[in-house]
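This one's a predicted model, so the numbers in the text were calculated from it and none came from an experiment.
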Amino acid sequence: GYRVSLQGNFFGHNHTYVTFPEYSPRKHIKLDPPLNLQSNTTANKCQIWWSVWNMPWYLTEILQYELQYKEYGMPWEIALNKTSPSPLPQIEIEATELRSGVTYVARVRCKVSENENSYHSQWSEWSQTTVFRRADVPKLSEKILNTRTMQLLFIPLSFGTLLYLFWNCKLSQKASPALTFPHQQLSFSHSTVCTMGISR
């Protein structure tokens with residue numbers, strides 16, 4: 001560690017003030033804010049990722065991140081917070097946490113994880129913001145609506161087809177005796193003529 005002191009001349013007298021009798025730089029770190037904040041939204045979630053620069057690799061593996069997001073135009077004081085469960089530079093927001101058709105603004109900051117004993121830091125400044133919007137999901141509703149419409153149309157069409165076939169069968173059965181009737185009448189007439197011929 002280090003011993004940090006301040007010296008000054010006050011009213012002609014030199015004074016030394018010990019500010020930190022035991023100062024460890026690794027316990028007093030303030031990181032630069034994350035850069036290149038970007039976002040991508042789908043019907044199920046919004047993924048936000050970023051990058052960190054000018055940082056030793058051993059620190060990037062022990063960082064924790066905090067994301068703030070709010071509706072566009074609203075103050076940051078009412079923003080919602082999300083912390084990343086891993087040191088990876090990304091956070092996901094479920095679609096159920098966002099309102100459809102609303103534009104959101106997000107920003108992120110970082111610091112050394114509180115579970116780390118070798119290093120300690122305060123939060124960095126907030127990053128630049130990114131704007132995102134929940135993806136619309138009308139296609140699923142339209143698909144369900146179209147499926148239900150097809151089902152409703154299929155039932156009367158099927159019933160009409162069955163009724164048509166049944167009606168045709170009935171007509172065919174009624175038409176069959178009429179087709180044989182002329183043959184029966186002809187046979188009857190022929191028998192009558194023969195009978196009359198014999199009588200003579």
Could you tell me whether the side chain of [Y] reaches within less than 4.5 Å of the side chain of [X], counting heavy atoms only?
X: Pro89; Y: Val52; value: no
X: Trp76; Y: Val105; value: yes
X: Ser124; Y: Pro34; value: yes
X: Val131; Y: Thr103; value: yes
X: Val112; Y: His120; value: no
X: Tyr69; Y: Leu80; value: yes
X: Lys82; Y: Glu97; value: yes
X: Leu67; Y: Ile93; value: yes

Requested in this report: Measure across Ser39 and Cys46 and return the closest heavy-atom pair with its distance rounded to 0.1 Å.
Outcome: CB-SG, 4.4 Å

Query raised in the report: Which heavy atom in Cys110 sits nearest to a heavy atom in Asp32, and how many Å separate them?
Result: SG-O, 3.7 Å

Check for a donor-acceptor pair, side chain of [X] on one end and backbone N or O of [Y] on the other, with a separation under 3.5 Å.
X: Arg133; Y: Tyr104; value: no
X: Lys27; Y: Asn117; value: yes
X: Gln64; Y: Thr83; value: no

Report task. Using the ring of Trp50 (Phe, Tyr or Trp, six-membered ring only), decide whether Arg107 places NZ or CZ under 6.0 Å from its centre and within 45 degrees of its axis. Result -> no

Query - Pair Glu66 + Lys111, salt bridge at N-O below 4.0 Å - result: no

Query raised in the report: Salt bridge or not for Lys45 and Glu92, using N-O below 4.0 Å?
Result: yes

Nearest 0.5 Å, what's the [atom1]-[atom2] distance between [X] and [Y]?
X: Arg109; Y: Trp126; atom1: CZ; atom2: CH2; result: 4.0 Å
X: Leu63; Y: Ser121; atom1: CG; atom2: OG; result: 7.5 Å
X: Ser51; Y: Leu35; atom1: OG; atom2: CG; result: 5.5 Å
X: Ser84; Y: Ile48; atom1: OG; atom2: CD1; result: 11.5 Å
X: Leu88; Y: Glu61; atom1: CG; atom2: CD; result: 10.5 Å
X: Thr96; Y: Asn44; atom1: OG1; atom2: CG; result: 10.0 Å

In terms of hydrophobic clustering (I, L, V, M, F, W, Y; side-chain heavy atoms under 4.5 Å; direct or indirect links), are [X] and [Y] co-clustered?
X: Val108; Y: Ile29; result: yes
X: Met55; Y: Trp53; result: no
X: Leu31; Y: Tyr58; result: yes
X: Trp49; Y: Phe132; result: no

Query - Asn40 side chain to Gln47 side chain, donor-acceptor N/O pair below 3.5 angstrom - result: no

Requested in this report: Determine whether more than 12 heavy atoms belonging to other residues, nucleotides or ligands lie under 6.0 Å from atom CD of Gln90.
Outcome: yes

